[in-house]
There are 2 protein chains.
Amino acid sequence: MRPTMKDVASAAGVALKTVSRVVNGEPGVHPATAERVRAAIDQLGYSRNESARVLRRGTTATIGLVIEDVADPFYSGLSRAVEAVVIDHGCLLLSGSSGEEPGRERELVETFCARRVDGLIVVPAGDDHTYLRPELEAGTPVVFADRPPGAGLDVDTVLADNAGGARHAVRHLLGYGHRRIAFLGDDAAIFTASERLRGYQEELGGLFDERLVSMRPPSEEAVRGDLGRMFALDDPPTALFTGNGRYTVTTLRALAGRRVALVGFDDFELADLLDPGVSVVAQDPAWMGRVAAELLFRRLRGDGGPPEHIELPVRLMVRGSGELPPSLPT
Amino acid sequence: MRPTMKDVASAAGVALKTVSRVVNGEPGVHPATAERVRAAIDQLGYSRNESARVLRRGTTATIGLVIEDVADPFYSGLSRAVEAVVIDHGCLLLSGSSGEEPGRERELVETFCARRVDGLIVVPAGDDHTYLRPELEAGTPVVFADRPPGAGLDVDTVLADNAGGARHAVRHLLGYGHRRIAFLGDDAAIFTASERLRGYQEELGGLFDERLVSMRPPSEEAVRGDLGRMFALDDPPTALFTGNGRYTVTTLRALAGRRVALVGFDDFELADLLDPGVSVVAQDPAWMGRVAAELLFRRLRGDGGPPEHIELPVRLMVRGSGELPPSLPT
DNA sequence: TTGAAAGCGCTAACAT
DNA sequence: ATGTTAGCGCTTTCAA
């Protein structure tokens with residue numbers, strides 16, 4: 001069906017190996033011969049079969065990336081940054097979304113491994129990564145980003161300072177006089193959510209009140225219900241700390257214009273254009289992607305040091321919503 | 001290095017072909033034998049080498065997707081939808097961002113083709129796709145999405161009704177009494193931008209004034225400059241029509257709170273939470289992705305009909321900004 | 001500078 | 001139910 005090197009060789013009247021030399025830019029081919037070969041390639045529309053090459057060479061120049069959801073701006077930003085580094089290294093990126101399902105995460109990782117990626121960057125959805133053992137033993141470097149691997153696996157990780165960021169947000173609100181600060185976040189089974197809860201709780205100390213905590217997948221109705229319940233308390237919250245970008249948006253929508261002090265984890269486009277501007281603890285997804293990818297390539301270049309655990313700082317962006325004063329319950 | 005079927009076979013004391021049968025779930029293996037094989041697989045940490053399989057079978061169960069930028073919400077939404085369809089068909093998606101560079105687009109396409117993808121979905125950056133000829137002749141189906149291919153190639157396309165949407169936006173603003181409506185859009189070399197300009201111009205008819213048109217890559221300073229120039233005219237615009245999502249956001253930021261009637265092309269998150277809510281002509285990127293992917297799989301199943309040219313409708317979302325009345329120049 | 005032969009790991013076709 | 005053999009398209013090794 002498709003032309004092969006053999007076809008090109010006979011069209012150009014040379015041996016297969018000569019075609020291989022031309023295709024791969026190897027030296028030692030007479031310019032005129034090379035020209036003939038190139039003409040045959042163009043004429044036949046030849047394109048090298050990468051599978052055959054990979055099979056023979058044993059290396060794929062391919063990196064695998066598993067994220068939670070490409071359509072989430074945090075992960076698409078991370079993705080783009082990883083892609084840029086991967087391209088810089090002359091490799092191809094395979095990526096896929098786990099949709100927060102451990103089974104799908106594993107499927108993706110295994111698919112990538114079957115394609116013999118040279119390395120993997122994983123934002124895990126599950127908490128059991130023993131299935132990675134054979135890969136690690138085969139020498140495939142793996143970097144975990146955004147969330148650490150499950151117990152029993154000590155590999156490179158690149159995480160944000162989730163607890164520290166949460167502490168910062170709470171400290172900021174406390175500084176503006178708030179004493180009743182609610183936390184609305186994702187399911188506590190998710191590492192980042194539980195870390196942010198931890199920071200929140202640590203900083204609040206004795207002010208912590210579990211009635212002001214809501215952790216679940218973000219749906220507008222659920223958030224509205226939880227908020228309603230909190231505001232109906234005798235001592236309702238005067239400020240909100242939202243546990244991630246999607247949560248912040250959902251909460252803003254559920255608030256329907258009600259002015260309550262709010263700091264969100266994760267920056268998002270237009271946060272500055274809302275009224276008031278939304279103060280956030282900002283992560284830098286592109287930075288995380290870049291750091292993870294560069295660490296991976298360092299491993300691929302042979303750096304065999306002990307696993308590294310990189311923690312990226314986050315920073316508070318003051319825009320207005322986090323600086324509203326506590327108001328009396330109405 | 002890594003265990004192969006041969007290794008598994010000798011570990012399990014069977015022939016290589018038996019291992020192949022177990023790995024591929026082929027019938028005709030004694031359960032006890034199969035069990036022994038599976039044990040050997042687990043023990044050795046065997047994973048099938050996909051390159052070898054592909055080389056032998058000639059089919060990859062892989063689809064390639066070239067978009068402009070994963071970090072753009074329009075394309076990440078499209079991407080996610082394509083991925084979902086591809087997974088449903090038991091295939092793997094390879095995707096990459098062209099960054100609006102024709103050279104990179106071609107590189108990606110050629111990389112994917114060298115990996116022998118079964119089909120391609122392309123959002124083109126360039127306007128010469130003759131390089132696709134060999135692929136098309138080899139029988140690889142290609143679907144263009146969001147933008148059509150360059151001249152001389154008649155393949156399946158899935159586009160939005162760009163001109164119709166622009167006409168609708170302008171008609172809407174005219175209905176609210178506006179006569180001076182500016183268009184701020186991307187470089188006219190980009191298909192969607194020029195189509196939207198065309199719709200805008202057609203609907204405006206005699207009211208068209210080229211001084212109210214600005215087409216260039218969106219940077220905040222440039223947009224601010226162009227807006228300043230337009231507003232300084234004797235008869236300044238009373239309404240703006242922005243040519244895509246990124247442009248709308250950039251324009252809102254450049255307006256810095258100034259209330260001017262505005263309709264944007266492309267919906268975006270939080271458009272409803274701004275004040276006033278931003279009226280837009282909304283496309284559905286997920287729908288476009290789904291339609292393109294399904295068309296591609298129809299081709300893969302053997303549908304050899306003439307190229308289809310699908311145009312997806314868009315719809316106006318009324319939220320406030322597009323319904324502001326013309327105000328007197330201040 | 002060029003070529004012939006072996007073999008990467010797998011599946012298809014054909015035995016047994 | 002199981003095994004043997006050939007060969008996918010390429011690169012590697014060795015020879016001319």
Side-chain angles (χ1 to χ4, degrees), chain A residues 1-38 40-41 44-62 110-111 113-118 134 138, chain B residues 1-38 40-41 44-62 110-111 113-118 134 138-140:
Chain A
M1 185 87 221
R2 261 165 181 289
T4 70
M5 275 194 179
K6 208 168 135 193
D7 299 325
V8 174
S10 39
V14 297
L16 188 154
K17 176 67 222 192
T18 302
V19 179
S20 170
R21 287 199 178 94
V22 172
V23 168
N24 295 299
E26 283 169 30
V29 179
H30 193 89
T33 314
E35 205 33 70
R36 250 178 30 249
V37 170
R38 263 188 292 272
I41 286 174
L44 295 176
Y46 169 78
S47 114
R48 181 172 63 195
N49 183 323
E50 204 64 18
S51 300
R53 177 188 168 86
V54 163
L55 177 58
R56 185 60 242 239
R57 304 204 40 189
T59 172
T60 58
T62 294
E110 287 177 345
T111 303
C113 291
R115 306 220 171 218
R116 297 292 185 266
V117 291
D118 295 333
Chain B
M1 186 84 221
R2 262 165 181 287
T4 70
M5 276 196 180
K6 206 167 136 194
D7 300 324
V8 174
S10 38
V14 296
L16 188 153
K17 177 69 221 192
T18 302
V19 178
S20 169
R21 288 200 176 94
V22 172
V23 168
N24 295 299
E26 283 169 30
V29 179
H30 193 88
T33 314
E35 205 33 68
R36 247 177 35 247
V37 171
R38 264 189 292 271
I41 287 174
L44 295 175
Y46 169 79
S47 115
R48 180 173 64 194
N49 183 323
E50 203 66 16
S51 299
R53 177 190 168 83
V54 163
L55 178 58
R56 185 61 244 241
R57 303 204 41 188
T59 173
T60 58
T62 295
E110 286 176 346
T111 302
C113 290
R115 308 222 168 213
R116 297 293 185 264
V117 291
D118 295 333
T140 308

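The sequence lines fix the lettering, A, B, ..., with proteins before strands; numbering per chain opens at 1. Basis for what follows: all heavy atoms, side chains included, without hydrogens, waters or symmetry-related copies. Just so it is clear, the structure is predicted and the values come from calculations on it, not from any experiment.
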Does [N] have its OP1 or OP2 closer than 4.0 Å to a side-chain nitrogen or oxygen of [X]?
{"X": "N49(A)", "N": "dC8(D)", "answer": "no"}
{"X": "T33(A)", "N": "dT2(C)", "answer": "yes"}
{"X": "S20(A)", "N": "dC10(D)", "answer": "no"}
{"X": "T18(A)", "N": "dT2(C)", "answer": "no"}
{"X": "R21(A)", "N": "dT1(C)", "answer": "no"}

Spacing between [X] atom [atom1] and [N] atom [atom2], to the nearest angstrom:
{"X": "R57(B)", "N": "dC10(C)", "atom1": "CZ", "atom2": "P", "value": "14 Å"}
{"X": "E50(B)", "N": "dT11(C)", "atom1": "CD", "atom2": "P", "value": "8 Å"}
{"X": "H30(A)", "N": "dT2(C)", "atom1": "NE2", "atom2": "P", "value": "7 Å"}
{"X": "R115(B)", "N": "dG9(D)", "atom1": "CZ", "atom2": "P", "value": "18 Å"}
{"X": "E26(A)", "N": "dT1(C)", "atom1": "CD", "atom2": "P", "value": "13 Å"}
{"X": "L55(A)", "N": "dT11(C)", "atom1": "CG", "atom2": "P", "value": "12 Å"}
{"X": "R53(B)", "N": "dC10(D)", "atom1": "CZ", "atom2": "P", "value": "20 Å"}
{"X": "E35(A)", "N": "dT2(C)", "atom1": "CD", "atom2": "C1'", "value": "18 Å"}

Mark yes or no for whether R36(B), through its side chain, and A12(B), through its backbone, hold a donor-acceptor pair below 3.5 Å.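 A pair under 3.5 Å: yes.
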Is the side chain of R116(A) donor-acceptor paired with the backbone N or O of C113(A) at a distance under 3.5 Å, no angle test? yes
Any N/O donor-acceptor pair, R116(B) side-chain to dG9(D) base, under 3.5 Å: no
Measure distances between side-chain N and O atoms of R56(A) and base N and O atoms of dG9(C), and say whether any donor-acceptor pair falls under 3.5 Å.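 No.
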Counting heavy atoms from C-beta on, name the nucleotide in [options] closest to the side chain of [X].
{"X": "K17(A)", "options": "dG9(C), dC10(D), dG3(C)", "value": "dG3(C)"}
{"X": "R48(A)", "options": "dC14(C), dC10(D), dC10(C)", "value": "dC10(D)"}
{"X": "V29(A)", "options": "dG9(D), dC10(C), dT2(C)", "value": "dT2(C)"}

Earlier contact from the 5' end, DNA chain D, for L16(B) and G28(B): G28(B)
Using a cut-off of strictly less than 4.0 Å between a heavy atom of the residue and any atom of DNA chain D, enumerate the qualifying residues of residues 4-13 of chain A by number. T4(A), M5(A)
Indicate yes or no: at least one non-hydrogen side-chain atom of T62(A) is less than 4.5 angstrom from one of R115(B). yes
